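Here's the structure we're looking at; comments come further down.
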Amino acid sequence: MRRALLLVVMVSMPAWSQSPPPLPVPEPSYAPANQAPSYAPVNQAPSYMQQCFGYPSGLYLLPVPRVSASGGGVSSTSAGGTTSASGGSGSSGSIGSSGGGDGKALLVIAVLVAIALPVVVYALDEDASPVVQQRFSCPSFSFDLQGGLDTGVAFPGARPLGQGRFTLAFGFFGTDVQLDLSPSAVSVFSTHALLRIAPKQHIEGALSLGYRRLVVGNELRQGFDVGLPHRYAFWRDDLRVFGLELRPSLQFGPSGIDAAIEASLIVPIIELLHLRLGGRVYSFGNAIVVGATGGLMLGL
């Protein structure tokens, strides 16, 4: 009996030492190919604040329609000596001339050339990148704060000056206000309405129409001012621009015509902050005033 029991135990031991069979693994369920997984981000259009004020701007681009003409049809695709004191407005030539009539005539010609050149460049330039086009349709402002020197009008020698300019724009319209203060040279106040044009890749600008007032001592010259402020963009990186800004203008008033041209090299420092270095030439009657300026521009 004992031998039989021992034999049964020895036969059953291999079955006890074996591991239990594995549990069945359920088949994985796959979502249809056209259904996004639950953790996928939702593709939402950028908000207005993101489009206009988000940084980098390229992250919030919307397709910008471009219109191109081919043949006879149009297709649409997506993708800037002697002083005479008077209490009222001065007469032309009442301030001693440092350049004479010839100098003023040359200045007027230079202003006309500076106005005509960007028109030609604009016609030949390529379309602006989507970032530039989208930024044009958003509200923007810039504040320039500069200092420098101007040559004297009533007296020879350089005179210190301070300059501030505020520009506000939205789409095709804008406005600017400029104030130049000098204790012993010409002080200037001007304000304009801006009619802007859609930018190209290397040039942007506007037609400025407004009022300009120049004062030195008791001498005053004022009138209607028309100009073409524009900027040549040599290099762009999002909102940072390295380029040249020109501001040619002609002033028409009861005292005659005055011309002015200002040039500034724009150098990016950090995002929204640029360095301005340049100079200007303008007339006060027959006197030609030459100056140099430098400062900072904060823009958005």
Side-chain angles (χ1 to χ4, degrees), residues 81-112 114-115 143-167 175-194 208-229 245-264 276 278-295:
T82 303
T83 305
S84 172
S86 62
S89 60
S91 59
S92 177
S94 60
I95 291 293
S97 172
S98 62
D102 293 341
K104 184 173 182 178
L106 292 175
L107 178 58
V108 171
I109 294 174
V111 169
L112 293 176
I115 290 176
F143 178 69
D144 303 346
L145 187 61
Q146 301 185 79
L149 297 172
D150 265 356
T151 57
V153 175
F155 305 98
R159 300 290 188 269
L161 70 94
Q163 182 186 90
R165 182 189 299 122
F166 179 77
T167 304
T175 183
D176 70 6
V177 178
Q178 178 176 331
L179 180 63
D180 300 359
L181 293 177
S182 178
S184 54
V186 180
S187 295
V188 181
F189 170 78
S190 66
T191 182
H192 303 89
L194 303 177
S208 64
L209 305 169
Y211 169 77
R212 190 164 177 255
R213 181 177 184 267
L214 300 90
V215 179
V216 54
N218 294 324
E219 190 74 15
L220 169 67
R221 296 179 70 84
Q222 60 184 338
F224 175 73
D225 191 64
V226 56
L228 192 70
E245 183 177 284
L246 296 178
R247 304 180 69 88
S249 66
L250 293 172
Q251 174 184 319
F252 304 89
S255 303
I257 298 176
D258 282 302
I261 182 169
E262 178 181 337
S264 296
R276 298 178 64 100
R280 59 182 185 171
V281 181
Y282 62 95
S283 65
F284 190 96
N286 284 332
I288 302 299
V289 182
V290 180
T293 59

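Quick note: numbers below take in every heavy atom, side chains included, and nothing from hydrogens, waters or symmetry partners. What you are looking at is a predicted structure, and each value in this text was computed from that prediction instead of being measured.
- Once rounded to the nearest 0.5 Å, the distance linking CG of Leu209 with CZ of Phe224 reads 4.5 Å.
- Side chain of Thr175 to main chain of His192: a donor-acceptor pair is present (N/O by atom type, distance under 3.5 Å, no hydrogens or angles).
- Distance CZ/Phe284 to CD/Glu219: 5.0 Å, rounded to 0.5 Å.
- Put simply, CD1 on Ile261 and CD1 on Ile115 are 8.5 Å apart, with the number rounded to the nearest 0.5 Å.
- Take Arg213 and apply the salt bridge (Lys or Arg N to Asp or Glu O under 4.0 Å) test, not counting sequence neighbours, and it matches no residue.
- Legend: salt bridge (Lys or Arg N to Asp or Glu O under 4.0 Å) pairs involving residues 175-192, not counting sequence neighbours, sorted by first then second residue: Asp176-Arg247, Asp180-Arg280.
- The shortest distance between side-chain heavy atoms of Val226 and Ser249 does not fall below 4.5 Å.
- Counting only distance, with no hydrogens or angles, the side chain of Thr151 and the backbone of Val290 share a donor-acceptor pair below 3.5 Å.
- Minimum interatomic distance between Asp258 and Gly285 (heavy atoms only, all atoms of both residues): OD1-N, 3.1 Å.
- Taking CG of Leu179 as the start and CZ of Phe189 as the end, the distance is 7.5 Å to the nearest 0.5 Å.
- Residues Asp144 and Gln163 fail the side-chain proximity criterion, which asks for heavy atoms closer than 4.5 Å.
- A side-chain donor-acceptor contact under 3.5 Å links Ser208 to the backbone of Gly227.
- A distance of 11.0 Å separates CG in Leu228 from CG in Leu250, rounded to the nearest 0.5 Å.
- The two atoms that bring Gly223 and Gln251 nearest to each other are N-NE2, 3.6 Å, heavy atoms only.
- With hydrogens and angles ignored, the 3.5 Å screen pairs a side-chain donor or acceptor of Arg221 with a backbone N or O of Ser255.
- In this structure the side chain of Leu194 reaches within 4.5 angstrom of the side chain of Thr167, judged on heavy atoms.
- For Phe143, the side-chain contact (heavy atoms from CB on, under 4.5 Å) partners are Leu145, Phe166, not counting sequence neighbours.
- A donor-acceptor contact shorter than 3.5 Å is absent between the side chain of Ser182 and the backbone of Ser187.
- Note that CD of Gln178 is 6.0 Å distant from CD of Glu262, once rounded to the nearest 0.5 Å.
- The minimum heavy-atom distance between Val111 and Ala259, with the atom names listed, is CG2-CB, 4.0 Å.
- The minimum heavy-atom distance between Leu214 and Ser283, with the atom names listed, is CD2-O, 4.3 Å.
- The two residues Gly291 and Asp150 have their closest heavy-atom pair at CA-OD1, 3.1 Å.
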